[in-house]
Amino acid sequence: MKHTMFSLKKFDYKKIRNIKDKTVRKILLGFGLTAVIFIILILAFLLMEGLPFFFNGDSIDFFTGDVWDPSSPNIPRYGILPMVLGTFLVTLGAIVIAVPIGVGCSIYLAEIAHPKIRETLKPVIEILAGIPSVVYGFFALVVLSAWIDDFFHSTTRLNALTGSIMLAVMMLPIIISLSEDAIRSVPREMKEASLALGLTKWDTIRGVVIPAALSGITAAIILGVARAIGETMTVLMATGNAPVISFDMLTSMRTMTATIAVEMGEVPFGSIHYHALFAVGIVLFVITFVINFIADKVMKRFREKY
Amino acid sequence: MSEDIEIETKNLNLWYGDKQALKNINMKIPEEKVTAVIGPSGCGKSTLIRCFNRMNDIIDCCRVKGTILIDGKDIYNKKMDVVELRKNVGMVFQKPNPFPKSIYENIAYAPRIHGLKNKKKLNKAVEKCLKQAFIWDEVKDRLGDSAKSLSGGQQQRLCIARALAVEPEILLMDEPCSALDPIATAKIEELIRYLSKEYTVVIVTHNMQQAARVSDYTAYMYIGELIEFGKTKQIFENPYEESTENYITGRFG
């Protein structure tokens, strides 16, 4: 009997196992590669459609010109500066509003709130991230702009401030959720050491917890900013869409994303204007890529810490 | 015992939720001596010393009954200022836990908040504490470096220096050597002997040789109860209780 057990070659289990193992690995590798392929394809498409602008259009005016007027009957102008400024100001406004609230809220949730309150509040905040941006935009358009009009008596109901406030609300869940994780991962022993020195809870938060969680909080803020820069629908609906150079938060502005979204539908395929919009897309891609890259570096430092 | 008493517990009971972790502890810890608390894992040694600076307060389900007197004052009294208490009762933890700051800032942080703003005086205080903790010579040229760049043993001595910086009278040590190698341990033990000239030290350890080496008094605990408390020599050479003897001779634990 012993002899037959080892000579049963009909079912070579080892071989079958190996084949199974290899197949599964290959399939998973395929899934993994899909994501990479998509990114490469998107980038290739963006470059293919955007680069012709730099060969045929006025590249210098693109980066330095202060007028974006592609449909002018005389000389169409493709200056990206008003939109870069628009994106920059609207995002900056959002950062100024969202960072203190977001970081403060995450400190409250992680360090001060009773566990029961945290268990309820955190999911609610995370729901904010799931609301479609068009809903935010609609809210900005109808409700928020009226409030801002009442409060500031602005010349235009839709302006950069409306967009900033709305973007801030959209950044909050990212900032809160990620900063809270960072703060909660500060070792308990470190907090105890501080309390044991006769320092108050506030001293401990200020002097020990926040410095220890700082890189995590920074990464959270950067990711929130990346979200704000890439956001399209909300700013399109909230900021009033005027590609002008202005530093007044109460005037209408237009972001890079909104420009692409508004004009892409009406542009003749293959025209300079069409390629110019893709060129704007390339600039946007580079900006978000750099931001994500920085966030990744900061996060890595944060992970190495403990 | 002719010494002055620094810490006295009277019928101390403590619960984590429904589980009783300390049962009717009565002990008197003398001033400016080293008292070791020994016993098998989970017997409540750490819980006991964490009562002395009310560190258990931050654990939600923890309840304490009974009295602890430090310098004759009931520390669980409602009027007790916990911040003041903790300034007076320093603590060193099992794992070295320096702050994510420079070596200098680790020491200077607490005294500065407690009101020592003068730069010169602060520098002096930092130097004094680092010298007291036998680490000054190793770090004096690199005070601005991150505390994380130190070795485990150095970090632990830094943590001791940090605890000394707020000028406590009592120093609680919760297995301060359990994460360290023998050489670092020897240094810390030497330090403990030296510190007992000025401070009351209570050290939790489950290394019996360590208790025998460093302490003047030893408390033996078993499942939340204080089984025996006395001079270290007596506990180790001639314990009254059988349980103590069994533990010390290594029959269990």
Side-chain angles (χ1 to χ4, degrees), chain A residues 103 106-122 179-220 297-306, chain B residues 46 49-50 52-61 81-102 105-115 129 146-148 155-156 158-168 170-175 179:
Chain A
V103 174
S106 61
I107 292 170
Y108 170 75
L109 284 180
E111 289 294 319
I112 297 160
H114 190 272
K116 270 183 198 154
I117 295 177
R118 180 173 59 229
E119 298 316 60
T120 351
L121 262 183
K122 216 183 167 189
S179 319
E180 201 247 11
D181 288 345
I183 293 170
R184 288 234 282 165
S185 71
V186 174
R188 200 187 68 172
E189 297 87 43
M190 208 182 270
K191 290 180 231 166
E192 284 188 344
S194 172
L195 292 172
L197 288 169
L199 299 177
T200 60
K201 184 134 196 171
W202 168 237
D203 292 329
T204 304
I205 291 173
R206 188 168 53 103
V208 178
V209 176
I210 293 180
L214 196 61
S215 47
I217 295 172
T218 315
K297 282 270 171 274
V298 177
M299 289 266 251
K300 276 214 180 96
R301 221 194 99 211
F302 163 62
R303 272 193 220 107
E304 280 161 13
K305 211 160 195 172
Y306 308 113
Chain B
S46 297
I49 71 161
R50 287 169 65 93
F52 298 156
N53 62 348
R54 289 186 52 177
M55 217 56 198
N56 290 321
D57 288 15
I58 59 175
I59 297 166
D60 283 332
C61 58
D81 178 358
V82 182
V83 167
E84 277 304 311
L85 169 73
R86 289 180 184 154
K87 255 165 57 176
N88 197 26
V89 185
M91 189 165 209
V92 176
F93 296 79
Q94 190 168 356
K95 252 172 55 188
N97 53 357
F99 298 141
K101 297 173 185 290
S102 69
E105 274 305 309
N106 257 279
I107 312 290
Y109 184 60
R112 190 185 294 128
I113 288 180
H114 292 320
C129 297
S146 160
K148 295 264 172 190
Q155 284 187 16
Q156 193 62 303
L158 181 72
C159 291
I160 294 173
R162 179 178 67 187
L164 298 177
V166 290
E167 300 178 332
I170 300 168
L171 200 56
L172 307 172
M173 300 181 133
D174 191 353
E175 301 193 31

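Protein chains get the first letters and strands the later ones, always in sequence-line order, with residue 1 at the start of each. Here the structure is a predicted model, which means the values were calculated and not measured.
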Taking all atoms of both residues into account, what is the closest heavy-atom pair of [X] and [Y], and its distance?
X	Y	result
B:Tyr109	A:Asp203	OH-O, 2.8 Å
B:Met91	A:Ala196	CB-CB, 3.9 Å
A:Pro211	B:Pro100	C-CG, 4.4 Å
B:Asp60	A:Pro115	OD2-CG, 4.1 Å

Are A:Leu197 and B:Lys87 close enough, and set up right, to give a side chain to side chain contact (heavy atoms under 4.5 Å, CB included), and what steps lead you there?
CA-CA 6 Å; A:Leu197 288 169; B:Lys87 255 165 57 176; over 6 Å; no

Could you tell me whether the side chain of B:Asp174 reaches within less than 4.5 Å of the side chain of A:Glu189, counting heavy atoms only?
no

Are B:Arg86 and A:Leu199 packed together at the side-chain level, in the sense that at least one heavy-atom pair is separated by less than 4.5 angstrom?
no

Options B:Lys95, B:Glu84, B:Lys101, B:Glu105, ranked by heavy-atom pairs under 4.5 Å with chain A, top entry
B:Lys101

I need the B:Ile58 CD1 to A:Arg188 CZ distance, nearest 0.5 Å.
6.0 Å

Salt-bridge present (B:Arg50, A:Glu192; N to O < 4.0 Å):
yes

For [X], which atoms come within 4.5 Å of any heavy atom of chain A: side chain, backbone, both, or neither?
X	answer
B:Pro111	neither
B:Arg162	both
B:Val92	neither

Worked verdict on B:Ile113 versus A:Arg206 for side chain to side chain contact (heavy atoms under 4.5 Å, CB included)
CA-CA 11 Å; B:Ile113 288 180; A:Arg206 188 168 53 103; 3.8 Å; yes

